[in-house]
Amino acid sequence: EIAPSDWSSDVCSSDLPFALVGALENGATLSNGYNGYSPMIIDGTSYQNFQGTSYPWSNLIKATQDSINTVYLQLNQDLGPEVTNEVAIRAGYPEDTIGMNNYVQNVLGSASPHTIDIATAYATFSAQGTRHEAHIVASVTNAAGSVVHEASTTGEKVFADDVMADATYAMQQVVNQGSGTAALELGRPIAGKTGSSSDNKSAHFAGFTPQLATVVTLFQTGPNGEEESITPWGDYEEITGSTYRSEEHTSELQSLGAIS
């Protein structure tokens, strides 16, 4: 049920934390905010929040918790879309990620990274700013018992501790009070971000505990490989990052031993 590493899809609002980190690095605090009304015209283009919901002035905690698109679009406009991209690359996205551009809406997830790239980025958040390269094989031992390969786990510090502490706090509210409350079943501190693209063509939940980061991605393709809106099933009227994805993410963390 987890997308293979060679699949990619728009990550939607799972990219919001990159703008948040960029803003925090450039002097903003979680108390900064913007009006969150919807629709909102920015640079001649009309944007909406999920289900067209309007919000009053909201700080960056509230905007992260509730995925307020129009707040983050204004933040990204002031910050500079290129800064958001640079943070994503530092966290773990490849520089040649499909769809990565310098338009203001890149904060809403115009890029289409592979699921493993999203996991690498959120693992960097989990490690409080230390990036590690993803690997499958931890070590290789030959017939003589000698270790001939061992994956590096040293990592590189790419974000400051204070920036990560604030960003993590904001992402914890997604689980505590926002669209990722299904992950509360873990019974321990967890932070993350849900994401759903336009017309529910993809759904994500990226989350982390202090020990582990996982990302669950779902999308649907048509007979010719085109993107389709995800067909609901079971008790779900629609498939978004806050419904099935966050529930499966919680199950995945439990199965991987994130909780005792």
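The basis for the numbers below is simple: all heavy atoms, side chains too, and nothing from hydrogens, waters or symmetry mates.
- Judged purely by distance below 3.5 Å, without hydrogens or angles, the side chains of D78 and Y34 pair a donor atom with an acceptor atom.
- D161 and Q128 are not linked by any side-chain donor-acceptor pair at a separation below 3.5 angstrom, with hydrogens and angles left out of the test.
- Judged by distance alone, the side chains of S152 and E133 never bring a donor and an acceptor atom under 3.5 Å apart.
- Side-chain contact, Y55 with S38: no donor N or O sits under 3.5 Å from an acceptor N or O.
- Checking L30, D15, D166, V163 one by one against L20, the side chain to side chain contact (heavy atoms under 4.5 Å, CB included) holds for a single residue, L30.
- By the 4.5 Å heavy-atom criterion applied to side chains, L24 and N26 are not counted as neighbours.
- Remark: the backbone N or O of N142 is not paired with any side-chain donor or acceptor of S146 at under 3.5 angstrom.
- Counting heavy atoms from C-beta outward, W57 and K62 have side chains that stay 4.5 Å or more apart.
- Between L108 and L16 there is a side-chain heavy-atom pair separated by less than 4.5 Å.
- In this structure, V215 and A206 approach most closely via the heavy-atom pair CG2-CB, 3.8 Å.
- At least one side-chain heavy atom of I42 sits less than 4.5 Å from a side-chain heavy atom of Q74.
- Annotation: the span from E156 atom CD to T130 atom OG1 amounts to 9.0 Å, rounded to 0.5 Å.
- Atoms CD1 and OG1, on I190 and T209 in that order, are 6.5 Å from each other to the nearest 0.5 Å.
- Using a 4.5 Å cut-off on side-chain heavy atoms (C-beta onward), M40 and S46 make no contact.
- Classification of the F159-F125 ring pair by plane angle, with boundaries at 30° and 60°, yields tilted.
- Between N69 and Y47, every side-chain heavy-atom pair lies at or beyond the 4.5 Å cut-off.
- A side-chain donor-acceptor contact under 3.5 Å links N106 and N85.
- Y103 and N76 share no donor-acceptor pair across their side chains, judged by distance under 3.5 Å alone.
- Counting heavy atoms from C-beta outward, M100 and I89 have side chains that approach closer than 4.5 Å.
- Shown here for S126 and L212, the closest heavy-atom pair between the two residues is OG-N, 3.9 Å.
- At a threshold of 4.5 Å between non-hydrogen side-chain atoms, the residues P17 and Y122 count as touching.
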